[in-house]
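Convention: sequence-line order gives letters A, B, ...; per-chain numbering from 1.
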Amino acid sequence: MSMTAHTAGKQVRPSQTPRTSSGALRRHRSAEIFAAWSLAGPALLLLVVLFFLPVFGVFAIALTDWEFGASSLSFVGLANFREVFADEGFRISLINTILYVVIVVPGTIALGLAIALLIESGKSFRAFYRAIHFLPFMATLTAMAIAWEALLHPTIGLINQTLAGLGLPTANWLRDENTVLPVLAGIGIWQNLGYAMVLFLAGLKSIPQDLYDAADIDGADAWLDRLRTVTLPMLGPVTMFIFIVVALKAFETFDTVQVLTQGGPGHASEMLLYTLYRESFEYLRTGYGASVAVVFLFIVVALTLIQARVMDKRVHYQ
Amino acid sequence: MAGITIEKIEKTFGATTVLRDVSLDIADGEFLTLLGPSGCGKSTLLRILAGLEVQTGGSVAIGDRVVDGVRPKLRDVAMVFQSYALYPHMTVQENMSVPLRMRRLSNWQRLPLIGRFLPGSKAVAAEIENEVMRTAKALGIGHLLGRKPGQLSGGQRQRVAVGRAMVRQAAVFLMDEPLSNLDAKLRVQMRAEIKELHKRLGVTFVYVTHDQSEAMTMSDRVAVMLDGELLQVAPPQEIYADPDDRRVAEFIGSPKINILDAKMHENGLASMAGTAFAVRAPIARGSSLSIGIRPEAFHLVDSHGVNILTGAVRLVEHMGSDLFVHLDVPGGDHPVVARLLAERAPQISSGQTLHLGVKPERLLLFAADGKRIRPHGQLGATVVRMKERLQ
């Protein structure tokens with residue numbers, strides 16, 4: 001907008017063309033408006049078609065009893081949502097998801113930071129360590145899940161074999177309702193670790209050396225004091241970002257559940273996105289699935305809003 | 001209270017030598033400035049004094065204690081950084097408390113939440129708060145204690161950085177270009193304040209700068225550094241009027257000193273820029289030398305002669321009370337710049353031929369290697385002082 005005013009002002013100022021100026025100005029303006037729309041248009045169109053319309057569609061379907069492939073549907077108001085919140089299966093799924101997030105997010109942040117600090121403090125093989133820790137994040141989780149399945153196999157899996165060899169108790173990791181969620185969370189941490197580590201490494205690089213020097217002079221030169229006085233506070237923005245991204249990724253965990261457990265045993269490893277998938281595409285209850293999607297969307301939006309708020313106020317130290 | 005003894009400090013980073021055989025005695029309570037262009041090693045020397053950098057060779061003593069290998073916090077030094085290095089997540093109050101908290105509270109007492117309730121920590125915390133308050137008031141930042149560095153102006157941040165260094169009452173104050181991030185006006189004001197602070201605290205100050213006006217106005221002594229070497233250490237007026245080295249003469253003074261190439265002839269005359277100069281120094285016939293003349297050493301004369309430069313005026317700059325006259329002289333690559341009092345030289349225009357006289361004692365002679373050549377029987381003030389100290 002200010003651009004328009006500025007260039008328009010330039011057009012008017014020359015005194016030798018006072019009569020034509022208002023016409024020229026109008027032509028100039030419409031040319032600029034056209035340019036603005038043609039530049040922003042494609043992105044806007046994509047945003048509407050790929051984002052706003054589907055979201056609106058989901059909201060609309062959530063208010064109907066439509067079943068996938070059915071030729072008729074009727075408006076049922078909030079009945080789907082009432083059913084969702086009354087449903088024991090959904091509640092278990094939500095609690096499982098929250099538990100999973102509560103394990104994965106702190107685990108990923110703590111381990112990612114620890115590895116980043118270790119890599120940063122060492123001198124040799126930095127690129128190598130970076131690469132091997134980042135690999136799980138790059139790999140297709142479905143393929144990796146199959147590898148994990150082999151490792152976790154109750155009889156021939158490496159983990160149980162090792163435990164048995166050491167005389168330790170073994171478990172049927174993916175078929176036991178007490179272990180299945182922590183094991184999935186462990187895989188989740190393993191997968192996101194590299195991502196957190198890379199971001200922490202970048203964050204560590206951007207801490208000015210002056211602050212560590214000042215901490216040395218001020219007497220905060222022990223490992224823990226440096227961490228508390230300089231490193232952790234300066235990593236605040238990065239940590240907040242990792243927190244949100246990993247939380248979002250953890251909320252939408254699907255591949256491991258689908259490949260390894262299908263939500264079992266019972267509902268012990270059922271999570272939101274898997275429930276949504278099953279209701280919509282296996283049971284074909286699209287209206288119900290859409291209302292789960294709406295709940296899911298609320299969680300995601302809430303997280304993002306928290307990020308925007310906290311980031312600006314608490315983490316950037318303004 | 002402590003002086004500093006720097007002995008034969010060497011510092012190399014890989015193949016590059018940053019400091020070469022630097023030795024320097026700084027008296028207790030002295031304000032010493034390390035002056036030099038960027039990259040001359042002055043900041044590295046300061047960081048070695050602080051213990052942030054380890055020297056490759058040589059030794060540093062603060063007070064009577066050799067501090068080589070001693071951690072910065074145990075050296076009794078405080079430091080102000082060019083970037084101020086304030087902790088951005090802490091308020092001014094917290095920033096200034098850090099040095100005291102780290103020293104007076106134990107590891108347990110500093111723990112968040114729990115630490116507050118451990119025995120003794122409350123009394124110490126109150127004491128720290130009082131001292132921070134007192135220091136902040138003395139610096140005029142008492143009203144800013146609750147703010148974070150991001151909410152302060154450059155000058156205020158600078159004061160907080162000074163405050164954080166001050167609360168500890170260290171014996172030595174190290175300052176690394178503390179004023180270079182401030183605007184010109186504030187810099188002049190803070191210059192006076194730092195000088196004032198030095199008087200009030202009475203401790204040793206080592207101040208690093210590349211700005212000669214800061215060095216000249218604030219210091220008891222200036223140490224001029226170039227390419228990792230200490231060229232001269234002397235009071236400001238002596239550095240200016242009696243430089244030991246051509247590079248010192250060229251670095252100090254604005255406008256820059258005029259350096260002209262000369263050749264020595266018989267009977268004490270040197271020829272330079274089409275003129276003969278009477279030179280009272282033991283220089284062999286036929287050898288070449290450079291002669292330095294400060295712009296203000298010139299005075300207007302009527303006609304050409306011995307000790308008089310003649311040339312055509314290229315440019316006249318009016319500076320109010322002074323005139324800077326740029327004069328093209330025969331054989332010179334650069335114009336000679338003369339600083340004349342405006343009231344004595346009212347009618348000078350470019351193109352005009354001008355005669356500028358110099359008193360023989362205002363000529364600074366330098367040998368081909370840049371070392372100063374002094375007149376017969378006269379020793380440099382620095383040498384005289386060193387001799388006195390030896391006796």
Side-chain angles (χ1 to χ4, degrees), chain A residues 106 109-110 113-114 116-117 120-121 123-124 126 199-200 202-244 306-318, chain B residues 43 46-47 49-53 70-91 94-108 110-112 115 147-152 160-161 163-165 167-168 170 172-177 181:
Chain A
I109 290 180
L113 179 62
L117 287 172
E120 191 61 26
S121 66
K123 290 226 175 345
S124 43
R126 275 191 194 182
L199 289 175
F200 273 128
L204 286 173
K205 281 256 184 304
S206 70
I207 300 177
Q209 180 59 34
D210 269 2
L211 284 181
Y212 287 114
D213 289 346
D216 277 350
I217 300 251
D218 288 343
D221 57 358
W223 180 81
L224 191 65
D225 285 330
R226 279 165 75 99
L227 197 68
R228 265 178 40 200
T229 314
V230 180
T231 313
L232 289 185
M234 295 307 287
L235 286 178
V238 175
T239 313
M240 189 66 214
F241 179 76
I242 295 172
F243 178 90
I244 296 298
I306 290 172
Q307 176 198 25
R309 271 291 164 83
V310 179
M311 275 285 229
D312 285 352
K313 288 252 167 75
R314 299 247 337 137
V315 191
H316 281 138
Y317 312 122
Q318 289 307 319
Chain B
S43 286
L46 194 78
R47 291 171 60 83
L49 293 184
L52 296 171
E53 208 88 60
V70 175
R71 285 190 291 170
K73 73 165 177 181
L74 302 174
R75 290 191 176 202
D76 206 12
V77 296
M79 187 158 168
V80 178
F81 294 84
Q82 179 176 0
S83 64
Y84 315 135
L86 298 173
Y87 309 116
H89 57 289
M90 295 184 189
T91 61
E94 288 162 339
N95 260 290
M96 288 175 64
S97 311
V98 170
L100 298 179
R101 284 173 56 84
M102 287 298 159
R103 281 177 172 75
R104 297 189 190 162
L105 291 171
S106 69
N107 269 328
W108 293 103
R110 286 203 307 270
L111 281 183
R147 299 221 200 141
K148 294 205 169 141
Q151 302 164 316
L152 303 178
V160 176
R164 184 176 62 180
V167 280
R168 261 183 46 211
V172 174
F173 244 71
L174 305 174
M175 299 191 146
D176 189 4
E177 308 229 11
N181 285 357

What closest approach, in Å, do B:Pro88 and A:Met234 show between heavy atoms, and which atom pair accounts for it? CG-SD, 3.3 Å
So what's closer than 4.5 Å to chain B heavy atoms on A:Asp225: side chain, backbone, both or neither? side chain
Partners meeting side chain to side chain contact (heavy atoms under 4.5 Å, CB included) with B:Ala161 (sequence neighbours left out): B:Val80, B:Tyr84, B:Leu86
So which of A:Thr229, A:Ile217, A:Val230 has the biggest tally of heavy-atom pairs under 4.5 Å with chain B? A:Ile217
Set of residues satisfying side chain to side chain donor-acceptor pair (under 3.5 Å) with respect to B:Arg71, sequence neighbours excluded: A:Asp221
Is chain A contacted by the side chain of B:Ala78, its backbone, both, or neither, given a heavy-atom distance below 4.5 Å? backbone
Side chain, backbone, both or neither: which part of B:Arg75 has a non-hydrogen atom closer than 4.5 Å to chain A? neither
In this structure, NZ of B:Lys73 is separated from CG of A:Asp216 (nearest 0.5 Å) by 9.5 Å
B:Arg101: salt bridge (Lys or Arg N to Asp or Glu O under 4.0 Å) partners, not counting sequence neighbours: none
Most heavy-atom pairs under 4.5 angstrom with chain A, which of B:Pro72, B:Ala50, B:Gly51? B:Pro72
Name the region of A:Ala222, side chain, backbone, both or neither, that has any atom closer than 4.5 Å to a heavy atom of chain B. neither
Applying a criterion of heavy atom separation less than 4.5 Å, what residues of residues 204-213 of chain A form contacts with chain B? A:Asp210, A:Leu211, A:Asp213
Where A:Arg228 and B:Arg110 come nearest, the two heavy atoms and their spacing: NH2-O, 2.8 Å
Need one label for B:Tyr87: side chain, backbone, both or neither, based on atoms under 4.5 Å from any heavy atom in chain A. both
Heavy atoms only: give me the nearest B:Arg164-A:Ala214 pair and the separation to one decimal. NH2-CB, 3.6 Å
